[in-house]
Number of protein chains: 2
Amino acid sequence: MQIAIVLYDRFTALDAVGPYETLGRLPDAETVFVAEQAGPVRTDTGALALTADRTLAEVRSPDIVVVPGGPGQIPQTENPVLLDWLCAADATSTWTTSVCTGSLLLAAAGLLQGRRATSHWLALDALTGFGAEPTGERVVFDGKYVTAAGVSAGIDMGLTLLGRIAGDEHAQAVQLLTEYDPQPPYDAGSPLKAPAHLVEEFRTKSRFSLA
Amino acid sequence: MQIAIVLYDRFTALDAVGPYETLGRLPDAETVFVAEQAGPVRTDTGALALTADRTLAEVRSPDIVVVPGGPGQIPQTENPVLLDWLCAADATSTWTTSVCTGSLLLAAAGLLQGRRATSHWLALDALTGFGAEPTGERVVFDGKYVTAAGVSAGIDMGLTLLGRIAGDEHAQAVQLLTEYDPQPPYDAGSPLKAPAHLVEEFRTKSRFSLA
């Protein structure tokens, strides 16, 4: 089984690394990081690059597609090379997945039409524009399409999908090995829980950055 | 303020990316990935490389040092280049931190002598061998030394330290932006919670791999 994790300029690192570190522990699976060009791909902060070992053209029929989000997703919604690849890969994939605003790329490729899906909480409305039905859930399954909420939700998505494919016990072993027993110092990880003025500040800013 | 995240062959990606994605959102801070040689550094699975943009020699006095763990940590406990760098960087750092078995590198450098510290649950005993006092906590502060438990605990450590430095509100904003509202599909993320036979299997295996 082959897992392709798609990189593009200014993706968010944890969006990609969460599923890599969990779902990527699928027995006998090969995980490959792919991008339009092979080589280092910079994250949204500019302070980190992850290596794409293969080009999109070299990886034509992965069993699982993982699309991270990040500010760099916006120009990619008009990149025919990536969107065509997503459509072609999806035609033969067993699972097509995304984290954060990666779902907007699946949606822009026409893959989430009429489907329940999620995204970063600031981007849920944008899903509607592509004909998807946004939900506020953290991990959403609709057929073979699995979408996760913002950034860190890719860890929960990765473990959940790992359990579906390899069984609960294997997923629990990976949870134990990654010591995923979260103890956040605050309870501010969703717009329903964070201080209201922070939520409002981000919503105001995002009106200018997420068209 | 400069944050140096140390990479070495066969580190665990999430150990480094958790603090990067949280603590790295410190206002006006520069995060730099460093390694003995600059360039791509492969993770423990071999399927991913993160780029070290600078050599250890080029980054001499970071304000915050972050040392990830991973299977590649074992040979590094005898690498004088890395251990000398850790000692020198620690002499001027404001915070010296680790995730997972990264604490064994701090300990091997002599920095955790008599200090309370944590590590991956399978490596807690090894801390004792270096004169540290292991605890079962997820994030441990002892003076300027901050150690986190296995792999995913670096996210909690990063947010906690971010709150100490930049204030609770900034850390909450980062938690909200990374949508860190964890909902693991299982409750198996610590040896106290996981199925006992899984814990025992890993303990048996680790007797051979963690000397």
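Protein chains get the first letters and strands the later ones, always in sequence-line order, with residue 1 at the start of each.
- Looking at Thr12(A), both its backbone and its side chain come within 4.5 Å of chain B, counting heavy atoms on both sides.
- Taking non-hydrogen atoms and a 4.5 Å limit, the residue list of residues 32-46 of chain B in contact with chain A, ordered by number, reads Phe33(B), Pro40(B), Arg42(B), Thr43(B), Asp44(B), Thr45(B).
- Sorted by first and then second residue, the salt bridge (charged side-chain N to carboxylate O under 4.0 Å, His left out) pairs with a member in residues 3-13 of chain A form an empty list; sequence neighbours excluded.
- Closest approach of Gln172(A) and Leu198(B) over heavy atoms only: CB-CD1, 3.9 Å.
- Both the backbone and the side chain of Glu169(A) come within contact range of chain B, with heavy atoms under 4.5 Å apart.
- Highest contact tally toward chain B, considering only Glu30(A), Arg138(A), Glu201(A), is held by Arg138(A) [criterion: heavy-atom pairs under 4.5 Å].
- Between the CD atom of Glu179(B) and the CG atom of Leu122(A) there is a distance of 8.5 Å, given to the nearest 0.5 Å.
- Of the residues considered (Asp156(A), Asp53(A), Leu14(A)), Asp156(A) shows the highest number of contacts with chain B, using heavy-atom pairs under 4.5 Å.
- Using a 4.5 Å heavy-atom cut-off against chain A, the contacting residues of residues 182-189 of chain B are Pro182(B), Gln183(B), Pro184(B), Pro185(B), Tyr186(B), Asp187(B), Ala188(B), Gly189(B).
- The minimum heavy-atom distance linking Ala13(A) with Tyr20(B) is given by the pair CB-CE2, 3.6 Å.
- If you tally non-hydrogen atom pairs under 4.5 Å between each of Ile5(B), Asp15(B), Val17(B) and chain A, the highest count goes to Val17(B).
- Heavy atoms of His197(A) lying under 4.5 Å from chain B belong exclusively to its side chain.
- More than 12 heavy atoms of other residues, nucleotides or ligands sit less than 6.0 Å from atom CZ of Arg54(A).
- Interface with chain A: from residues 145-155 of chain B, residues Ala149(B), Gly150(B), Val151(B), Ser152(B), Ile155(B) qualify, criterion being any non-hydrogen pair under 4.5 Å.
- Leu50(B) is listed as a side-chain neighbour of Leu48(A), based on a closest heavy-atom distance under 4.5 Å.
- Neither the backbone nor the side chain of Val174(A) comes within contact range of chain B; no heavy atom of the residue lies under 4.5 Å from a heavy atom of that chain.
- Of the residues considered (Ala194(A), Pro191(A), Ser190(A)), Ser190(A) shows the highest number of contacts with chain B, using heavy-atom pairs under 4.5 Å.
- Rounded to the nearest 0.5 Å, atoms CH2 (Trp121(B)) and CG (Asp181(A)) are 12.5 Å apart.
- Here the closest heavy-atom approach between residue His120(A) and residue Leu176(B) is recorded as NE2-O, 4.4 Å.
- Here the NZ atom belonging to Lys205(B) is positioned 8.0 Å from the CG atom belonging to Leu177(A), to the nearest 0.5 angstrom.
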